[in-house]
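In this chain, numbering begins with 1 at the start of the sequence shown.
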Amino acid sequence: MRTTVVAMLAVLVLTAFTGHVQGAEPLRTEPYPVELQVGEVFPICKTGEVICPVSVPLCDNVKVVDFVDTPDGLAFKGISPGETLCSVMSVNKFRRVFRVTVR
């Protein structure tokens, strides 16, 4: 009986701790959609999808999107029409993926 109570308490504490660490929101696995016009700049940190500052920016197709520094932090800049996946690393070492469409 005591072992069962201790095990249930441990699961409850672990569940509460895990929810607190993740911000009590489910982990997002789908790419965050971003739509831009050619030449338009989109500040990544303003999405609320990452903990800023971000680092290690990567894009599958650098002919579609580039990264630029802005007063609001790193941003996507539409270079030419197309679609690509890009990602950045948050300060908590998690990568967030964005599906960027440039029109």
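Between Thr101 and Glu35, the side chains place no donor N or O within less than 3.5 Å of an acceptor N or O (distance only, hydrogens not considered).
In this structure, OG on Ser80 lies 13.5 Å from CZ on Arg103, to the nearest 0.5 angstrom. Put simply, CD on Glu83 and CG on Leu36 are 11.5 Å apart, with the number rounded to the nearest 0.5 Å. Here the SG-CD1 distance, from Cys52 to Ile44, works out to 8.0 Å after rounding to the nearest 0.5 Å.
Ile79 places none of its side-chain heavy atoms less than 4.5 Å from the side chain of Val102. Between Thr70 and Val41, some side-chain heavy-atom pair lies under the 4.5 Å cut-off. Side chains of Pro81 and Val38 form a contact here, defined as non-hydrogen atoms less than 4.5 Å apart. By the 4.5 Å heavy-atom criterion applied to side chains, Arg99 and Tyr32 are not counted as neighbours. Contact annotation: the side chain of Cys86 never approaches that of Leu58 to less than 4.5 Å [non-hydrogen atoms, C-beta and beyond]. Taking the side chain as every heavy atom from C-beta outward, Val50 and Val88 approach each other to under 4.5 Å. When side chains are defined from C-beta on, Cys59 does not count as touching Leu85, because their heavy atoms never get closer than 4.5 Å. Phe98 is not listed as a side-chain neighbour of Pro33, based on a closest heavy-atom distance of 4.5 Å or more.
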task: Tell me, with the steps shown, if Val64 and Val100 meet side-chain contact (heavy atoms from CB on, under 4.5 Å).
output: CA-CA 9 Å; Val64 174; Val100 184; 5.6 Å; no
- request: Report the C-alpha distance between Cys45 and Asp72 in whole Å, list the side-chain angles of each, state the deciding distance to 0.1 Å, and finish with yes or no for side-chain contact (heavy atoms from CB on, under 4.5 Å).
  value: CA-CA 7 Å; Cys45 291; Asp72 294 319; over 6 Å; no
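Heavy-atom minimum distance, Arg95 versus Ser87: NH2-OG, 2.8 Å.
In the hydrophobic clustering of ILVMFWY residues, with side-chain heavy atoms under 4.5 Å counting as a link, Val97 and Val65 come out apart. Put simply, Val34 and Phe67 are part of the same group of oily side chains (I, L, V, M, F, W, Y) that touch within less than 4.5 Å, one to the next.
Relative ring orientation between Phe76 and Phe42 is described as parallel, the plane-to-plane angle staying below 30° on a 0-90° scale split at 30° and 60°.
Comment: Glu40 does not engage Lys77 in a salt bridge, judged by the lack of any side-chain N to carboxylate O separation of less than 4.0 angstrom.
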